[in-house]
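Taking it in order: structure first as structure tokens, then the write-up.
As the structure lists them, so they are numbered: ligands from 1, and atoms in each ligand from 1. Sequential numbering from 1 along the given sequence is applied to the chain's residues.
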Amino acid sequence: MKEGYGTKLHREPEGKKTWVDFLYHNIWPQHILNYNIWPQSPTEYRKANDEYCKYLVPLVDRLFEYLSTGLGLEKNVLKEASGGDNMKMLLKINYYPPCPRPDLALGVAAHTDMSTFTLLVPNDVPGLQVLKDDHWVDAKYIPNAIIVHIGDQFEILSNGKYKSVWHRSTVNKDQTRMSWPVFCEPPADLVIGPLPQLVSDENPAKFKTKKFKDYEYCKLNKIPQ
Ligand code: OGA
Ligand code: NI
């Protein structure tokens with residue numbers, strides 16, 4: 001439902017304009033893919049995505065395991081709580097053309113991702129910034145590195161032990177920036193809330209338990225969760 005092309009050229013609360021075109025489409029699991037909206041050209045596009053997924057899926061599985069272990073839980077817990085094999089991967093392609101007034105614009109305004117976590121590959125034009133101790137810090141471009149963002153669903157599942165990261169992107173006067181985030185998401189109807197193992201009388205639930213699609217609806221429409 002979120003799949004398709006879009007553009008954003010509007011004023012954000014920070015007083016800057018956003019400056020981006022984008023395409024969203026699912027890349028995993030295979031049976032939900034809607035090839036109708038995938039680009040027809042370049043002809044290698046589908047093959048390149050298949051190939052990328054071959055590497056991405058095992059990486060995602062490993063990250064789920066490490067992050068579960070990091071919470072002191074069995075390694076399968078976070079993946080299961082995120083839908084197991086029904087967990088989805090949504091690709092977004094961001095296209096930030098050169099902007100005549102980068103001082104007045106942002107690529108994407110400050111936000112946290114709704115995902116469990118996000119794996120992002122940028123091109124070599126810097127622009128991603130991450131909020132740390134109330135300051136925007138430039139994320140260095142590291143060739144061949146994949147950037148991992150903790151998203152809202154992991155903040156919720158971990159009852160706040162993992163924090164979803166605030167980030168934004170800047171634009172460039174003469175260079176085109178692109179980025180390819182992959183959002184790992186629970187299926188729409190899956191109910192997500194703080195894991196019972198992480199909730200106690202001393203440490204009560206800090207977040208509501210609700211279906212992912214209801215979380216998404218509130219966030220997209222700026223309704224309190
Ligand atoms: C996003 C995003 C950052 C970037 O699209 O959610 O955070 O570096 N993009 O393009
Ligand atoms: Ni993001």
Task: For L59, the option from I146, V148, V182 that meets side chain to side chain contact (heavy atoms under 4.5 Å, CB included) - done: I146
Open item on the list: Counting only heavy atoms and a distance below 4.0 Å, can you name the residues contacting ligand 1?
Closed with: K92, N94, Y96, V108, H111, D113, L120, L128, H167, S169, R177, S179, P181, F183
- [ ] Find the distance between CD (Q197) and CG (L157) and round it off to the nearest 0.5 Å.
- [x] 10.0 Å
- [ ] Identify the heavy atoms of G193 and T209 that sit nearest to each other, and give their distance.
- [x] CA-OG1, 3.4 Å
Open item on the list: Tell me if the centroids of the rings in H25 and Y45 come within less than 6.0 Å of each other.
Closed with: yes
Task: SB check E216 K213 (cutoff 4.0 Å) - done: no
Task: Number of protein N/O/S atoms that sit closer than 2.8 Å to the Ni ion (ligand 2) - done: 3
Task: Aromatic plane relationship, F64 with F117 - under 30° parallel, 30 to 60° tilted, over 60° perpendicular - done: perpendicular
Task: Pi-cation contact, F22 with K92 (under 6.0 Å, within 45°) - done: yes
- [ ] Could you tell me how the ring of W38 sits relative to the ring of Y35: parallel (under 30°), tilted (30 to 60°) or perpendicular (over 60°)?
- [x] perpendicular
Open item on the list: Taking NZ in K161 as the centre, count heavy atoms belonging to other residues, nucleotides or ligands within less than 6.0 Å. Is the count above 12?
Closed with: no
